[in-house]
Amino acid sequence: MNDGAVSLHALAGLWNDFMFTPQSSATMVIFRVTFSLLLLVDAIFHARGMAFFFGPHGILNFAAWKREFSPRVFSVFTYTSGGMTAVRTVFAVHFFCIFCVLLGWHTQLFAVILFITLISIQHRNPIILNSGDVAMRLMLFLFMFESNAGSMLSISAPAGPFKNAVLEEPWCQRLMQLLVANIYFKSMYWKLLGSMWREGSAVFYVLNIKRYQRLRFPDFARHPLVFQILTWSTLVIWGSLGSLIWIEEFRYPLIVIGVLFHLGMDMFLKIRLFQWVMMTGLILFIKPSDAEWALKALLTWL
Amino acid sequence: MNTASHIGISLFCICMIFFLWGWNLPDGRFSRHLLKKITKPVIWLGLNHSWSMFAPRPITTDELIRFKITLEDQSSVEMPVDYFPSPGMQNFSGDVRHLKLMHALVAPKESIIQRCYAEYLIYAYEAARGTADTRRVEKIEYLLTRSPRPPWKQAEETPTPAEEVAVFTFSRGPA
């Protein structure tokens with residue numbers, strides 16, 4: 001640093017330090033297990049509506065899908081007859097890949113196949129997707145580049161006493177962290193463009209639209225000031241999770257606030273897995289040394 | 001890893017960061033303009049995204065949907081669908097996927113899904129009714145009831161007048 005200027009060499013050093021300084025892969029191990037459980041729950045939800053959502057005579061029949069959607073998106077269904085046998089086969093492969101990733105067996109290979117089956121299923125009926133599906137898809141895309149997530153808590157890991165997780169260059173984890181931070185920041189940004197968010201009324205409407213309501217917001221708290229505080233704190237929390245989470249001292253308090261916020265949202269709103277996808281995303285911000293400590297404690301307890 | 005791999009990975013990371021940041025911005029931004037050129041491959045691979053949940057303007061109306069089927073003898077029946085919020089139903093069995101579908105069905109711009117869903121309803125209706133009834137389904141109407149929420153500063157929740165509109169009509173061609 002000289003006269004307030006920063007040299008390219010110093011910038012490259014910062015970049016290399018951020019992306020390539022080896023660290024324990026323990027965080028990615030925890031993420032792998034949690035994320036695959038989430039994918040499993042999502043797959044079960046999808047499978048329950050298999051014929052209705054994806055069947056040849058479902059709500060988006062195969063002939064219409066092939067004509068309107070198939071030329072624009074990748075899906076293995078394009079290369080099939082679209083019948084229930086094809087749907088069941090894709091789901092069977094999808095479930096198999098999820099179990100392989102969950103168990104850490106050839107994690108990277110099956111993550112790639114899993115991405116193919118996930119986008120195939122999602123693209124077969126894009127009308128029913130929500131932000132949770134999209135976030136999961138992007139996380140899985142980046143997770144394909146992670147090569148050491150199966151180094152612990154997996155059937156590939158060596159048996160015996162506890163061994164520290166493999167060291168790795170964390171560029172894949174960094175990209176996934178940037179994705180999660182970007183989701184929070186963009187969400188705040190889009191909200192700030194709306195007058196209802198700025199004046200503080202938005203959460204009132206969000207919590208009171210009956211078709212999204214899981215629980216009714218308690219009567220004693222139904223006051224304009226409460227809704228204003230909730231609206232503005234939503235903006236502050238989302239903005240902080242997108243920016244201040246990069247500052248070490250704020251990271252863990254923000255993760256706790258984020259988790260509580262998502263649990264609260266999940267309690268009052270039926271927006272499926274989005275809250276859980278984002279909570280899983282917050283795992284990526286756990287320090288590798290703390291993740292390693294948690295894994296050691298878990299394995300000792302087990 | 002050697003330097004060449006680091007340079008390659010760095011380039012990939014920089015492209016990804018630029019893409020993640022620039023994709024979901026309002027039109028008119030420079031990055032958005034650049035990324036529009038790769039829209040087709042991005043959509044093909046499923047990397048398109050939008051994070052404007054409940055924004056910039058959240059939904060402010062309660063909506064209920066019902067489906068009116070007109071048969072060839074001009075009599076009409078209502079097709080019960082329990083996975084959508086419907087008039088007279090306290091709780092519906094569907095979730096956010098069904099709500100996404102419902103939003104697509106009632107969208108002002110006509111879409112392929114409206115037609116496909118009508119065909120599905122006919123298929124489901126004909127499969128569910130008794131074999132004695134052979135009357136042909138001629139038409140399906142999607143009727144949407146909208147009730148705007150009362151203003152947010154209003155202390156008491158007074159019911160707001162609901163309006164019902166036919167948002168889509170599917171007429172079946174000759175047999």
(message) Between A/Glu68, A/Gln228, A/His57, who has the most heavy-atom pairs with chain B when the cutoff is under 4.5 Å?
(response) A/His57
(message) Do A/Arg174 and A/Phe18 form a cation-pi contact, if we require the NZ or CZ to be under 6.0 Å from the six-membered ring centre and within 45 degrees of the ring's axis?
(response) yes
(message) Counting only non-hydrogen atoms closer than 4.5 Å, does A/Leu179 touch chain B with its backbone (N, CA, C, O), its side chain (CB onward), both, or neither?
(response) both
(request) Against chain A, label B/Pro41 side chain, backbone, both or neither, depending on which of its atoms sit under 4.5 Å from a heavy atom there. (result) neither
(message) For B/His33, I'd like to know if atom NE2 has over 12 heavy atoms of other residues, nucleotides or ligands within 6.0 Å.
(response) no
(message) Can you tell whether the side chains of A/Asp266 and A/Arg214 come within less than 4.0 Å, N to carboxylate O?
(response) yes
(message) Check for me whether A/Lys186 meets the cation-pi criterion with B/Trp23, that is, NZ or CZ under 6.0 Å from the six-membered ring centre and within 45 degrees of the ring axis.
(response) no
(request) May I ask you to check whether over 12 heavy atoms, not counting those of A/Leu8, lie within 6.0 Å of atom CG? (result) no
(request) Output yes when B/Asp82 and B/Arg66 qualify as a salt bridge under the 4.0 Å nitrogen-oxygen rule, no when they do not. (result) no
(request) Select one option (side chain, backbone, both, neither) describing which atoms of B/Met53 are under 4.5 Å from chain A's heavy atoms. (result) both
(message) Report which part of A/Phe74 has an atom under 4.5 Å of a heavy atom belonging to chain B: side chain, backbone, both, or neither.
(response) both
(message) Just so I understand: if I count every heavy-atom pair under 4.5 Å between each of A/Leu269, A/Leu192, A/Asn130 and chain B, which residue has the most?
(response) A/Asn130
(request) Please state whether the side chain, the backbone, both or neither of B/Tyr123 comes within less than 4.5 Å of a heavy atom of chain A. (result) side chain
(request) Look at A/Met19, A/His123, A/Gln122 and state which one has the largest set of heavy-atom pairs under 4.5 Å with chain B. (result) A/His123
(request) Using the ring of A/Trp65 (Phe, Tyr or Trp, six-membered ring only), decide whether A/Arg124 places NZ or CZ under 6.0 Å from its centre and within 45 degrees of its axis. (result) yes
(request) Tell me, for B/Asn48 versus chain A, whether the close heavy atoms (under 4.5 Å) come from the side chain, the backbone, both or neither. (result) both
(message) Quick check on A/Leu142 against chain B: is it the side chain, the backbone, both or neither that has a heavy atom closer than 4.5 Å?
(response) side chain
(request) Please look at A/Leu60 and chain B and tell me whether the side chain, the backbone, both or neither of the residue comes under 4.5 angstrom of a heavy atom of that chain. (result) both
(request) With a 4.5 Å cut-off on heavy-atom pairs, point out which of A/Leu178, A/Val203, A/Ile127, A/Asn125 contacts chain B the most. (result) A/Ile127
(message) Over 60° means perpendicular and under 30° means parallel, so tell me whether B/Phe84 and B/Phe67 are parallel, tilted or perpendicular.
(response) tilted
(message) Less than 4.5 Å to any heavy atom of chain B: does that hold for the side chain of A/Ala63, its backbone, both, or neither?
(response) neither
(message) Can you tell me which portion of A/Tyr184 sits under 4.5 Å from chain B's heavy atoms? Options are side chain, backbone, both or neither.
(response) neither
(request) Please work out whether the ring planes of B/Phe12 and A/Phe145 are parallel, tilted or perpendicular, with thresholds of 30° and 60°. (result) tilted
(message) I'd like to verify something: which residue of B/Glu63, B/His49, B/Arg115 has the highest number of heavy-atom pairs under 4.5 Å with chain A?
(response) B/Glu63
(request) Heavy atoms only, distances under 4.5 angstrom: which of A/Arg137, A/Lys270, A/Lys191 has the most pairs with chain B? Name it, please. (result) A/Arg137
(request) Look at A/Arg211, A/Gln213, A/Met196 and state which one has the largest set of heavy-atom pairs under 4.5 Å with chain B. (result) A/Arg211
(message) Can you confirm whether the side chains of A/Ser195 and B/Arg57 place a donor and an acceptor under 3.5 Å from each other?
(response) no
(message) Between B/Ser111 and chain A, with a heavy-atom cut-off of 4.5 Å, which part of the residue counts as in contact: side chain, backbone, both or neither?
(response) neither
(message) If we define contacts as heavy-atom pairs under 4.5 Å, which of B/Ile59, B/Ile112, B/Asp95, B/Leu25 has the most with chain A?
(response) B/Ile59
(request) Run the salt-bridge test on B/Arg136 and B/Glu72 with the 4.0 Å N-O cut-off and return the result as yes or no. (result) no
(request) Can you label the angle between the B/Phe54 ring and the A/Tyr212 ring as parallel, tilted or perpendicular, going by 30° and 60°? (result) perpendicular
